Undergrad: 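This structure is in structure tokens; I'll ask about it shortly.
These numbers were taken from a predicted model, which means no experiment stands behind them.
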Amino acid sequence: MTSHPAVDALIGRSNRLGSDPRNTNYAGGNTSAKGSTTDPVTGGDVDLLWVKGSGGDLGTLTEDGLAVLRLDRLHALKAGYPGVEREDEMVAAFDHCLYGKGGAAPSIDTAMHGLVDAAHVDHLHPDSGIALACAADGEKLTAECFGDTVVWVPWRRPGFQLGLDIAAVKEANPRAVGCILGGHGITAWGDTSEECERNALHIIRTAETFLAERGRPEPFGPVVEGYAPLPEEERRERAAALAPHVRAIASQDRPQVGHFTDTDVVLDFVSRAEHPRLAALGTSCPDHFLRTKVRPLVLDLPAGAPLDDAVARLKELHAGYREEYAAYYARHATADSPAMRGADPAIVLVPGVGMFSFGKDKQTARVAGEFYVNAVNVMRGAEAVSTYAPIEESEKFRIEYWELEEAKLRRMPKPKPLATRVALVTGAGSGIGKAIAHRLVAEGACVVVADLDGDNAASVAEELGGPDKAVAVTVDVTSEQQIAAAFRQAVLAFGGVDLVVNNAGVSVSKPLLETTARDWDLQHAIMARGSFLVSREAARIMIEQGLGGDIVYIASKNAVFAGPNNIAYSATKADQAHQVRLLAAELGQHGIRVNGVNPDGVVRGSGIFAAGWGAQRAATYGIEEEKLGEFYAQRTLLKREVLPEHVANAVFALTGGDLTHTTGLHVPVDAGVAAAFLR
């Protein structure tokens with residue numbers, strides 16, 4: 001239970017508002033409540049402000065995400081306010097207003113909530129409200145829509161002065177329940193939490209109705225011939241073919257994870273005549289363009305253009321985009337501006353196909369795409385009733401390269417070793433593959449969990465954190481078609497593939513005279529042929545991306561050790577081992593490293609051993625099956641049992657960034673089997 005009724009009401013209201021995307025974007029906006037409590041030091045009453053802290057999300061807000069400040073000290077800041085040219089200094093001053101431990105870090109919008117004379121304040125970024133805020137005659141339209149109950153506030157960058165402005169607006173307009181902030185969003189207030197929420201929803205829904213009833217049809221113009229959406233299957237095939245090339249474009253400055261969407265909103269926008277003009281104007285709401293950059297890269301070819309032509313044109317457009325972005329930076333940067341962060345697009349629009357969005361991880365990439373959908377909705381609303389008129393480019397630059405935003409970036413934790421890397425692990429539904437998938441996600445990678453058992457794959461993907469961390473694909477590695485489909489799913493989920501682990505396997509343990517041709521063919525089809533097919537498809541994508549990559553084979557001690565009753569399994573493991581050397585020699589020119597891991601005796605958690613291999617090997621050695629792990633341990637130099645996690649550790653060692661100049665290597669993970677020493 002929270003410590004104050006006002007906080008209870010604030011959390012409930014925030015979660016309700018934030019859970020509906022019509023009300024605000026992810027992590028966008030902030031809410032607050034004011035109330036009195038007993039100061040534990042003086043025993044007297046103290047007036048407090050609880051406000052969503054920096055970077056939190058309303059839909060999932062908890063009390064830990066609130067900043068807590070003393071209102072008397074917050075208001076006292078007005079006396080020392082140095083003016084709008086130095087208003088950024090006020091953010092540091094908020095720290096001196098914190099109550100107790102203060103909770104979360106106060107956001108730039110804290111002044112808006114603290115200075116407005118209302119017990120409850122909601123600042124939100126609804127598409128409908130921003131459409132009015134970004135219309136060329138937004139002030140006139142606001143009056144037409146709301147009369148004198150909602151007041152227009154001209155664009156001002158978020159900060160202390162905006163808080164003073166809104167406080168003055170409320171005081172001068174006693175009938176007002178909120179305001180439209182030019183180029184930004186809305187703010188509503190109320191004496192109770194219920195009234196504040198009601199007023200916020202009134203502004204949002206009234207604006208929605210106004211735009212629908214007052215707006216003209218087809219505000220984006222007619223559909224351009226050749227730009228209509230491709231049929232779904234063809235569209236997604238095309239998206240998968242383009243994805244590695246688009247990711248290469250978005251990752252020239254630094255590697256990025258991708259996200260693809262082909263929602264009706266996006267497909268309709270890029271099919272219409274006005275989309276080039278509107279896309280060039282860029283997004284407006286600061287929350288939008290901080291995620292999407294000021295404008296997207298837009299392919300200017302019809303949906304049916306040959307793939308090679310589309311790829312070539314994307315490269316040309318990318319070169320122009322980088323030049324334009326550098327010029328944008330040069331136009332507005334001052335001696336105090338942070339260094340340019342990168343000139344690659346975060347959003348790439350492809351007519352007839354959809355939108356690719358990029359970020360430092362899957363969630364960031366997905367949210368960037370969601371924000372551009374918000375921007376499209378804003379453009380539609382503004383164009384329906386007026387003309388879309390976002391804030392000036394110079395103001396966008398001030399926001400994008402704001403020192404306060406730069407400070408927020410500096411506070412972020414150091415990326416994990418495999419951050420931005422996309423891995424596909426075969427046989428990842430159990431045993432060694434599952435352990436590898438867990439380790440790779442723990443180190444920052446996005447993982448495609450590939451397995452013949454789709455239910456197992458789905459279960460592992462859910463364990464790993466769901467679609468922002470891992471996705472499941474069902475694949476039989478003996479099928480070229482299924483492998484190609486699995487990689488298509490991978491590139492549509494995460495933009496591409498950087499790290500592939502050939503782990504899928506099966507084992508038949510029989511003496512030579514009992515080994516059938518079917519046994520031999522099965523072993524080789526799954527492990528030798530399957531690894532070849534997976535590596536071939538992985539290499540194609542990695543070469544198209546131009547980002548290098550890693551291919552790791554989970555081979556075996558048996559690749560170099562001649563044991564009894566194991567001809568089919570050991571021969572195919574030897575095949576895999578030599579594939580490592582062959583591919584390392586061939587793919588090195590593309591920066592693709594190929595290495596192997598040679599485990600032995602991985603009994604616990606192993607799908608192969610559980611499926612009968614354990615019983616066969618135990619019979620070969622004349623021991624009980626449950627003693628097999630102990631038996632294997634005792635025949636090693638270290639006398640230690642090998643577990644799936646130990647194999648996963650080796651995969652990470654090969655791919656985690658320390659062995660950047662190592663390829664063609666096999667790492668034994670067998671606790672020391674002298675007969676399997678590499679020579």
Undergrad: Does CG in Asp309 sit with more than 12 non-hydrogen atoms of other residues, nucleotides or ligands closer than 6.0 Å?
TA: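 Atom CG in Asp309 is packed in, count exceeds 12.
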Undergrad: Go through it in stages, so that I can follow the logic: the residues are Arg205 and Asn23, the test is side-chain hydrogen bond (donor to acceptor under 3.5 Å, both in side chains), and I'd like the CA-CA distance, side-chain angles, deciding distance and then a yes or no.
TA: CA-CA 9 Å; Arg205 302 293 175 257; Asn23 299 334; 3.0 Å; yes
Undergrad: May I ask you to check whether over 12 heavy atoms, not counting those of Glu316, lie within 6.0 Å of atom CD?
TA: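 More than 12 within 6.0 Å, yes.
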Undergrad: Go through the structure and list residues passing side-chain contact (heavy atoms from CB on, under 4.5 Å) with Glu234, not counting sequence neighbours.
TA: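 With sequence neighbours excluded, Glu234 shows a side-chain contact (heavy atoms from CB on, under 4.5 Å) to Leu230, Pro231, given in chain and number order.
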Undergrad: Nearest 0.5 angstrom please: Ile11 CD1 to Arg16 CZ, how far?
TA: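 Separation between the atoms: 11.0 Å.
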Undergrad: Side-chain donor-acceptor pairs under 3.5 Å in residues 342-352, sequence neighbours left out?
TA:
unit_1: Asp344; atom_1: OD1; unit_2: His318; atom_2: NE2; d: 2.8
unit_1: Asp344; atom_1: OD1; unit_2: Arg322; atom_2: NH1; d: 2.6
unit_1: Asp344; atom_1: OD2; unit_2: Gln252; atom_2: N; d: 3.0
unit_1: Asp344; atom_1: OD2; unit_2: Asp253; atom_2: N; d: 2.7

Undergrad: Mind checking what makes side-chain contact (heavy atoms from CB on, under 4.5 Å) contact with Ala168, not counting sequence neighbours?
TA: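 Scan of Ala168 (side-chain contact (heavy atoms from CB on, under 4.5 Å), adjacent residues dropped) gives none.
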Undergrad: Any salt bridge (Lys or Arg N to Asp or Glu O under 4.0 Å) pairs touching residues 168-181, not counting sequence neighbours?
TA: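 Checked against salt bridge (Lys or Arg N to Asp or Glu O under 4.0 Å) - neighbours excluded - the pairs reaching residues 168-181 are Asp148-Arg175.
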Undergrad: Applying ring-ring contact (aromatic ring centres under 6.0 Å, His included) as the test, list every pair that has at least one member in residues 168-196; sequence neighbours left out.
TA: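 Applying ring-ring contact (aromatic ring centres under 6.0 Å, His included) to every pair that reaches into residues 168-196, excluding sequence neighbours, yields His123-His184, His125-His184.
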Undergrad: State whether Glu400 and Lys293 are salt-bridged, where the test is any N-O pair (Lys NZ or Arg NE/NH1/NH2 against Asp/Glu carboxylate O) under 4.0 Å.
TA: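 Looking at Glu400 and Lys293, the cut-off is not met.
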Undergrad: Using 0.5 Å steps for rounding, measure from the CG atom of Asp122 to the CG atom of Asn199.
TA: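 Rounded to the nearest 0.5 Å, the CG-CG separation comes out at 9.0 Å.
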Undergrad: Listing request: all ring-ring contact (aromatic ring centres under 6.0 Å, His included) pairs with a residue in residues 195-231, at least two apart in sequence or in separate chains.
TA: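 Listed by first then second residue: Phe220-Phe269.
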Undergrad: Do any pairs count as a salt bridge (Lys or Arg N to Asp or Glu O under 4.0 Å) and have a residue in residues 350-379, sequence neighbours left out, and if so which ones?
TA: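 Every salt bridge (Lys or Arg N to Asp or Glu O under 4.0 Å) pair that includes a residue of residues 350-379, provided the two are not neighbours, is Arg366-Glu370, Arg366-Asp468.
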Undergrad: With sequence neighbours left out, which residue pairs that include part of residues 47-56 fulfil the salt bridge (Lys or Arg N to Asp or Glu O under 4.0 Å) condition?
TA: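 Every candidate salt bridge (Lys or Arg N to Asp or Glu O under 4.0 Å) pair involving residues 47-56 fails, so no pair, neighbours aside, qualifies.
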Undergrad: Starting at CZ of Arg295, measure out to CG of Leu278 and round the result to the nearest 0.5 Å.
TA: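 That separation rounds to 12.5 Å.
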Undergrad: Quick check: do Phe94 and Phe160 have side-chain heavy atoms less than 4.5 Å from each other?
TA: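 Of all side-chain heavy-atom pairs linking Phe160 with Phe94, at least one is under 4.5 Å.
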Undergrad: With rounding to the nearest 0.5 Å, note down the distance linking CD1 in Ile203 to CD1 in Ile186.
TA: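 Going from CD1 on Ile203 over to CD1 on Ile186, the span is 4.5 Å.
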Undergrad: What residues, two or more places apart in sequence or in another chain, satisfy side-chain contact (heavy atoms from CB on, under 4.5 Å) together with Glu139?
TA: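 Once residues adjacent in sequence are excluded, the partners of Glu139 under the side-chain contact (heavy atoms from CB on, under 4.5 Å) criterion are Trp152.
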Undergrad: Can you tell me if Lys34 has over 12 outside heavy atoms packed within less than 6.0 Å of its NZ?
TA: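 Yes, because the 6.0 Å sphere around NZ of Lys34 holds more than 12 heavy atoms from other groups.
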Undergrad: Which residues pass the side chain to side chain donor-acceptor pair (under 3.5 Å) test with Arg277, not counting sequence neighbours?
TA: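 Residues passing side chain to side chain donor-acceptor pair (under 3.5 Å) with Arg277: Glu274, Glu383.
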Undergrad: Find the distance between CZ (Arg291) and CG (Asn374) and round it off to the nearest 0.5 Å.
TA: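 Result: 11.0 Å between the selected atoms.
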Undergrad: Not counting sequence neighbours, which residues clear side-chain contact (heavy atoms from CB on, under 4.5 Å) with Ala131? List them please.
TA: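 Result, side-chain contact (heavy atoms from CB on, under 4.5 Å) vs Ala131: Leu211.
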Undergrad: Looking at Arg488 and Glu237, is any side-chain nitrogen of the basic one under 4.0 Å from a carboxylate oxygen of the acidic one?
TA: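 Here Glu237 pairs with Arg488 in a salt bridge, since their nearest N and O are under 4.0 Å apart.
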Undergrad: Would you mind listing every ring-ring contact (aromatic ring centres under 6.0 Å, His included) that reaches into residues 372-406, with sequence neighbours excluded?
TA: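 Residue pairs passing ring-ring contact (aromatic ring centres under 6.0 Å, His included), neighbours aside: Tyr328-Phe397, Tyr329-Phe397, Tyr329-Tyr401, His332-Phe397, Phe397-Tyr401.
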Undergrad: Looking only at non-hydrogen atoms, find the nearest pair between Pro244 and Ala240 and report the distance.
TA: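 Result for this residue pair: CD-O, 3.3 Å.
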Undergrad: So, taking the atom named NZ in Lys315 and the one named CD1 in Ile249, what distance separates them when rounded to the nearest 0.5 Å?
TA: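 Going from NZ on Lys315 over to CD1 on Ile249, the span is 8.0 Å.
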Undergrad: Give a yes or no on whether Glu144 atom CD has more than 12 heavy-atom contacts from other residues, nucleotides or ligands under 6.0 Å away.
TA: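 Enclosed: over 12 neighbouring heavy atoms sit under 6.0 Å from CD of Glu144.
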